[in-house]
Amino acid sequence: MNAKKLLRSSHFYLIPPIIPNPSRRAHRFISFLGPSILATKTSVINSYCERYMLNEARQLFDEIPERDVVAWTAMITGYTSCGRHHQAWMLFRNMTREESVEPNSFTISSVLKACKGLESCPSGAMVHGLAIKYGLDGSLYVENTLMDMYATCSASMDEACMVFHQMHMTNEVSWTTMITAYTHRGDGFSGLRVFRHMLQEEVELNPYSCSIAIRACAATGYYSFGKQIRALVIKYGLESNLPIGNSIVDMYCRCHSLSEANQYFLEMFQRDLTTWNTLIAGFERSGSIGSLYIFSQMVSQGLSPNCFTFTSLAAACASMTVLSSGQQVHGGIIRRGFERNLALANALLDMYAKCGNIADSYKIFSEMPLRDVVSWTSMMIGYGTHGYGKEAIGLFDQMVDSGIRPDEVVFVGVLSACSHAGLVGEGLKYFNSMVTGYGITPNQEIYGCVVDLLGRAGKVREAYELIENMPFKPDESVWGALLGACKAYGDSNLGRVAAQNLLDLRPSCTETYVILSNIYAADGKWGEFAKTRKLIRRMGDRKEAGRSWIEVRNEVYTFVVGEKVGPHIELVYRALKILVQQMKEAGYVPDSDYLLYDF
DNA sequence: TTCAGCAATG
């Protein structure tokens, strides 16, 4: 039945909410109706909002002479459910401040969702205050949305926990909200603690809490608990629930069990696009080329890729440095009009940078309508690895100017860019600004970068002093950076200290012994060199051979030192000979210090 | 109230 027929129907006043397709004529008709049918108009507002026709809904709302709290709430809820949080908030303020309409529990929970969307804790706290004032804070519905708002907007979980502990009655939604909040904040262990508590309290198990608990297992790597939850899922007959199944696939992938993930995937009763995307992303994270095969299977089954699929594909092309495949992925994205998706654009610009095409990487970056911290970091690291240290630093400053707060990863990016470009002073300036300007405590990785920065510039002693003054025990990354610097500058005394510390942390690492023996050899300490070599021989372990690869005409060729098999290998060696000859003619003197002693 | 994607030095 269309709107016209519906409006002509004598039953119209009895069945107002079902309007399949409200038209402008219908709107004009409704506007003629008097204030006596306020409830009808409110229902029509709801119908408009359900169909994302917010302008029509608002026009009708504005035309109502005496609006009650239900009409206000319908409009606020409409805005919130369509993601127009700011408009929902403004309308709520209008309602309470100017029109002095008293909110009910529906209004409060709806506007709390808007506060959550705006990530505005002060607004949420104000609504909390109003809820107390009007005695609505005892409603389970209000309490659950309050908890969700605080958990999303506040820096800590304190407020959400306080609401939760003060509740006289909780339901499965309250518990699930708490588990979700912890898990989404990256504290999966606390999420699982709440889930365990929920089981002890014998709260009814539902698909929501199960899937988020499995997600928490995936995030923490708590594989055994994940398997226990899977058993519970079977016991309660929830196996056919798709989000649960998808979470299980994700958990197997993140717990490094791709074969189990694949097996479970094949056994699933039903799969959706998320299932496929989960498996593709899982294989991609593990660096498996399988991600591309799974994608082709997905397409052959008639499924259409979305932004999530393409993001994983772009990341796969980046880690495998296959530019032509990456370009095909880019083409697919343009054809489907997904270019404006932020995470996808970030993945693409990273792909181009990793595949050596920094110009296209910057093109994507410059054309992005919106950038987040990941966009800036990816571009910065791209510039840094291509030798554009100054440009990388420039991006850092621009990023800060644009109002984005740097995180640890940004500092790793800017420090490594400084390190490669020999910008020691600049790098130290950024390092010092971390605590003073941004309140970020440097972690092991950051210290490793600064040690590398100093070490590459020949300031090996300063690097060691920095390590000695670190506020925590240095880990492998820090000592590894120092050992690298000692190798580059032939400092055998500090090299021994670095190697010893590294070996204390990982005693069976042959590579450390190899580097140390080379440092001794370069420093002419042949006695120490012989001793270290003997140790390596006794360990009987060989260093893993480095492998290079190149993509030529859609084929990837790999090479290992000394390899004599494979297609066109004679041609490769002939070309290499010519190149070496040309390098010598150009005046290149090879650094053969380590050539004799390497394995 | 649940499930899928993007950045890290040595």
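Each chain gets a letter, A, B and so on, in the order its sequence line appears, and its residues count up from 1. Atom set for the values below is all heavy atoms of this structure, side chains included, hydrogens, waters and symmetry mates excluded.
Residue contacts shown for A/D407 include a base, since a base heavy atom lies under 4.0 Å away. Within the 4.0 angstrom heavy-atom criterion, only backbone atoms of the sugar-phosphate kind lie near A/T180; the bases stay farther away. Within the 4.0 angstrom heavy-atom criterion, only backbone atoms of the sugar-phosphate kind lie near A/A281; the bases stay farther away. Nucleic acid contact for A/T274: base, since at least one base atom lies under 4.0 Å from a heavy atom of the residue. In this structure, A/T311 reaches the bases: a heavy-atom distance under 4.0 Å links it to at least one base atom across the strands shown. Nucleic acid contact class of A/N306 (heavy atoms, under 4.0 Å, all strands): base. Among the atoms of the strands shown, none is found under 4.0 Å from any heavy atom of A/R371. Among the heavy atoms of the strands lying under 4.0 Å from A/E284 are primed sugar atoms or P, OP1, OP2 only; no base atom is included. Note on A/I381: only backbone sugar-phosphate atoms sit closer than 4.0 angstrom, heavy atoms only; bases stay farther off. Base contact: A/L344 has a heavy atom under 4.0 Å from a base atom. Contact annotation for A/N144: no contact, since no heavy-atom pair falls under 4.0 Å across all strands. Among the protein residues, A/R271 comes within range of no part of the nucleic acid, since none of its heavy atoms lies under 4.0 Å from any strand.
The cationic atom of A/R230 (NZ for Lys, CZ for Arg) does not lie both less than 6.0 Å from the six-membered ring centre of A/Y264 and within 45° of the ring axis.
A salt bridge does not link A/R193 to A/D187: none of the charged side-chain nitrogens sits closer than 4.0 Å to a carboxylate oxygen. Classification of A/E367 and A/K363 as a salt-bridged pair holds, one side-chain N sitting under 4.0 Å from a carboxylate O.
Side chain to side chain, A/D504 and A/N501 fail the donor-acceptor criterion of an N or O pair below 3.5 Å.
Take A/K459 and apply the salt bridge (Lys or Arg N to Asp or Glu O under 4.0 Å) test, not counting sequence neighbours, and it matches no residue. Residues passing the ring-ring contact (aromatic ring centres under 6.0 Å, His included) test with A/F265, sequence neighbours excluded: A/W276. Residues that satisfy the side chain to side chain donor-acceptor pair (under 3.5 Å) test with A/Y352, not counting sequence neighbours, are A/H330. Applying the side chain to side chain donor-acceptor pair (under 3.5 Å) criterion to A/Y383, with sequence neighbours excluded, gives no partner residue.
Ring geometry, A/Y388 versus A/H386: the interplanar angle falls under 30°, so the pair is classed parallel (tilted spans 30 to 60°).
Only at 4.0 angstrom or more do the heavy atoms of residues 457-465 of chain A sit from any atom of DNA chain B, so none qualifies.
Interface limits on DNA chain B: the 5'-most and 3'-most nucleotides within less than 4.0 Å of chain A heavy atoms are B/dT1 to B/dG10.
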